[in-house]
Amino acid sequence: MTVSQVPGSNAAADLARARDQLRGGAPGSSGHGRRLDAAGLRQALVDLHEFWLGTKAQEVGILPDSGFALVAVGGLGRRELLPYSDLDLVLLYDEDLAPDVVGAVADQLWYPLWDAHIKLDHSVRTVPQALAVAGSDIPAVLGMLEARHIAGDVELSTQLIGSVRRAWRADIRDRFDDLIEETRTRWRRSGEIAHRAEPDLKSGRGGLRDVQLLHALAAAQLTDGLGPEVPGGGVAHAHNGLLDVRTELHRVAGRARDQLLAQDADEIGAALRIGDRFDLARLLSDSARTISYAVEVGIRTASNALPRRGLGRLRRPPVRRPLDEGVVEHSGEVALARDARPKRDPALITRVAAVAAQTGLPIGSGALARLADSAPELREPWPKDAVGELLVLLGSGHRSVPVIEALDRTGLWGRLLPEWGAVRDLPPRDAVHTWTVDRHLVETAAYASGFTTRVSRPDLLMLGALLHDIGKGRGGDHSVVGAELATQIGRRMGLWPSDVTILSAMVRHHLLLPETATRRDLEDPATIERVVEAIGGDPTLLELLHALAEADSLATGPGVWGDWKATLIGELVRRCRLVMAGETLPEPDPLDPDLVARGADGGVHVDIVQADSAHTWRVTVVAPDSAALLSREAGVLALHGLRVLTASLGSHEGSAVNSFVVAPHFGTPPEAGLLRQELLRANAGELDLHERLDAKDAQERESRALELGSDRPDAVPVLYAQAPPRVLWFDTPVPHQVILELRAEDRVGLLSRLARALETCGADILWAKVSTLGTTVIDSFCLDLSAADTRAARERIERALLAVVPSPRPEPRPGADEG
């Protein structure tokens, strides 16, 4: 049968004309009547097509008792019909109907639509045939999960829709891996909407297909719906935003299109009354990242909710394993302990985030919701442990990125940094930038974590990296505006005034080195003088700006940092150092006379008092000095879960006077008497501290590996660092006395291990100063090397120290398995 032989073959022409009028006329025409907004247009198109299809179905005999049913899938099924969407229809029929009857009804339904040039994706099936397709094809079943009855036999439609949903729930355990793999393949092919100049609104990560995935997981009864509620309306609001943009994209293009081209962005932004292409890009970033976060939570929740097979049903329910004060692991996620009190623990947000970044575990949506509901804004000044945990988070490299994203999507990051709102989802103004401004700042901090051992102030490097572009999106010179904001933020965090000054100067001058090195004559002494004058002749600021310049370039995009740029900036820094004053050497802290007096009796004295925050304590030990004492003191502290934040170590007339500021892993520290007893046992050789510390390390790694399984290796604690360790040597005016400065990432019992390594090498520690800044330690030891060949001793000591500190993960060999 030809088209002209089909009765009423031109009957769909009125549908096509009405559709053209709704979407503003055929391409190139001016349209008729009032222009509907995007949402109104979609609803009008749905109503129009439903009316026409219902009328046509009655005309061709698709009636309630006919054995036929017309079912919509795709955009019409979801009530999201776009101006140039295809019609996705399924004609269901009873198995008892004759084939020629079925064919005649189908021809009378399809041919008029084809004749009117209406794009049609159609199928004619019995319910068993449709179920067979749904059972073998993931895209098909996702479409049928959204199927909707249009006309004809309701029972037939209900049978299909109900059977598809029941089969989906029953088979989800076997189909889940295929569903997720297909999703990840789509992401790899289409990229992230939030960070693409010309994103795929349908298939890109954070797009409309991902909303469909969330609906599918909810239909399988693995999740509760569209994900966690977040500020700004959540997934439903983000979904409508993407639909509006795609609707206008169809109108502007005059055809069905999923990819938003840059040339159309201004027109679409104006049509939606949100502004220019940059405003549109910001809306898309916010919507896509909201959906992406919901999908991550949804996939994780669904995976944990999957019905178990065989003996897996008998597996013990997941236990709540303590991770830090008020923080536990539950079902592979970071959760709040039952006794956690967010309202009374101002550092809890940053502590949860730091734990998540350090372990590689995601923060559970329940924990985020509870923190969002209960955690207060941090008052000025922040508690010191809140700043410390923030530095741990930032020092965790790229593991911090998903953690900060989770905090940001749930409103918690803005609670920590209210200034963040101006850069959130802010698109870059030039094509060289890969990321939105907020993501660029986080990426810069992640790269800077690999340079923390290059600088003497890794804490300021991390904060400067996070804030260097914070002034964007506010008008004016972003470096000047950002410097003022950095001052405001630094004061709120409770940094020392001198540190606030350096932080502000980092933001103000973060472009100074790259712009000078690439645009000025480095042979001209005036060029060097201008740079030195701009930074006030501060060598600390110079090294911070040098590290920040590299991190900023790496985070900008591919090819921005290379040998040419690195060489020019390195030469500029070298020349600046030549005209600047030399750096001052570390000096010992003065000893408290009262503590010195306590050592006169030759006994061992241990005191514990609360330090300057609720979770830090000062442990003071006065004892007869010996080469092994520091190693034993630090080992006892580590064995009892006390992390050394700072230490000042000195001696007077045979007595060691050592003071440690520590943070307990959980709760409060043990009694001073217990620590004294353990130290006496260690001095007597009754307690092998290092064997116990090694066993504790091994047990922790084994426990994590068993609980998480081999598919989560990144969450198992290993001795890998973001930044390579660095050993610096400084000569002093006293012959044979040198100062060794070690910059490395922390680990359990590190100070004890370092002291033991120095003891083994025969180095006499005269005094020491220890600082832990986030994940990085900067330990200075004044050593007496008078009994050794100085050069050989230095080499031996350096090897011994580097053997016990974490080092970066080795690069995989080409073709080697990175898992």
Side-chain angles (χ1 to χ4, degrees), residues 358 392 395-397 448-459 461 543 547 585-586 627-628 630-635 637-638 643-644 646-647 649 689-691 693-694 696-698 700-701 717-732 736-785 787-813:
Q358 287 284 283
V392 172
S396 301
S449 69
F451 308 146
T452 52
T453 54
R454 293 188 194 176
V455 298
S456 60
R457 292 301 303 272
D459 51 339
L461 173 62
E543 70 175 4
L585 294 177
L630 175 57
S631 175
R632 291 166 183 167
E633 289 173 333
L637 296 177
R643 183 183 183 218
V644 176
T646 64
L649 316 170
L689 290 169
H690 295 283
E691 182 179 338
L693 287 174
D694 289 341
K696 188 175 182 180
D697 261 1
E700 177 74 5
R701 289 197 298 273
V718 290
L719 296 180
Y720 289 133
Q722 299 297 321
R726 189 178 181 194
V727 176
L728 303 176
W729 295 92
F730 303 96
D731 293 319
T732 71
H736 304 294
Q737 284 189 15
V738 296
I739 294 177
L740 178 153
E741 183 174 280
L742 172 72
R743 301 174 183 176
E745 294 204 12
D746 201 6
R747 64 175 289 198
V748 174
L750 178 60
L751 180 57
S752 177
R753 301 173 196 274
L754 294 176
R756 188 185 188 193
L758 291 172
E759 173 196 349
T760 303
C761 293
D764 185 11
I765 303 175
L766 302 178
W767 55 265
K769 293 178 71 172
V770 172
S771 295
T772 303
L773 303 170
T775 58
T776 305
V777 298
I778 297 184
D779 296 350
S780 299
F781 301 93
C782 182
L783 306 177
D784 184 352
L785 301 182
D789 173 42
T790 303
R791 181 173 181 178
R794 288 188 183 189
E795 293 176 353
R796 186 170 64 253
I797 289 171
E798 194 162 330
R799 286 195 302 269
L801 295 182
L802 294 178
V804 300
V805 298
S807 297
R809 184 188 294 271
E811 292 293 330
R813 300 184 307 275

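FYI, side chains are in, hydrogens and waters are out, and symmetry mates aren't considered; it's all heavy atoms of this structure.
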Checklist entry - What do the steps show when you test Ile797 against Leu785 for side-chain contact (heavy atoms from CB on, under 4.5 Å), and what is the final call? => result CA-CA 11 Å; Ile797 289 171; Leu785 301 182; 3.9 Å; yes
Next on the checklist: With side-chain contact (heavy atoms from CB on, under 4.5 Å) as the criterion, how do Val644 and Leu750 come out once you've worked through the C-alpha distance, each side chain's angles and the decisive distance to 0.1 Å?
Outcome noted: CA-CA 9 Å; Val644 176; Leu750 178 60; over 6 Å; no
Next on the checklist: The test is side-chain contact (heavy atoms from CB on, under 4.5 Å); show your working for Arg726 and Arg454 and say whether it passes.
Outcome noted: CA-CA 7 Å; Arg726 189 178 181 194; Arg454 293 188 194 176; 4.2 Å; yes
Next on the checklist: side-chain contact (heavy atoms from CB on, under 4.5 Å) for Leu649 and Ile765? Distances and angles first, verdict last.
Outcome noted: CA-CA 9 Å; Leu649 316 170; Ile765 303 175; 5.8 Å; no
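To the nearest 0.5 angstrom, Arg632 atom CZ is 8.5 Å from Leu689 atom CG. For the atom pair SG of Cys761 and CG of Asp764, the computed distance is 13.0 Å after rounding to the nearest 0.5 Å. To the nearest 0.5 Å, atom CZ of residue Arg794 and atom CG of residue Leu740 are 9.0 Å apart. Arg643 CZ to Arg747 CZ: the interatomic distance, rounded to the nearest 0.5 Å, is 14.0 Å. One finds the OG1 atom of Thr776 at 9.0 Å from the CG atom of Asp746 (value rounded to the nearest 0.5 Å). For the atom pair Thr775 OG1 and Asp459 CG, the distance stands at 10.5 Å (nearest 0.5 Å).
Closest heavy-atom contact between Ile778 and Ser456: CD1-O, 3.0 Å. Minimum interatomic distance between Val738 and Trp729 (heavy atoms only, all atoms of both residues): CG2-CZ3, 3.7 Å. Between Glu741 and Ser780, the shortest heavy-atom distance links the atoms OE1-OG, 3.6 Å. Across Ser752 and His690, no two heavy atoms sit closer than the pair OG-CE1, 3.0 Å. Closest approach of Ala547 to Val455, counting heavy atoms only: CB-CG1, 4.1 Å. In plain terms, the two heavy atoms of Gln737 and Thr732 that are nearest each other are O-OG1, 2.7 Å.
No donor-acceptor distance shorter than 3.5 angstrom exists from the side chain of Arg743 to the backbone of Ala723, with no hydrogens or angles considered. The main-chain N or O of Ala755 is never found under 3.5 Å from a side-chain atom of Ser631 such that the two would form a donor-acceptor pair. Side-chain atoms of Glu745 come within 3.5 Å of backbone N or O of Gln722 as a donor-acceptor pair. A donor-acceptor pair is defined here as one N or O able to donate and one able to accept, closer than 3.5 Å; such a pair exists between the side chain of Thr453 and the backbone of Pro724. Proximity of a side-chain donor or acceptor of Thr452 to a complementary backbone N or O of Ala448 within less than 3.5 Å is not detected.
For the side chain to side chain contact (heavy atoms under 4.5 Å, CB included) with Val770, the lone residue among Thr646, Leu630, Leu751 that qualifies is Leu751. Just one of Leu801, Leu758, Asp694 meets the side chain to side chain contact (heavy atoms under 4.5 Å, CB included) condition when paired with Arg753; it is Asp694.
Ser396 has its side chain out of reach of Ser449: every pair of non-hydrogen atoms, C-beta onward, lies at least 4.5 Å apart.
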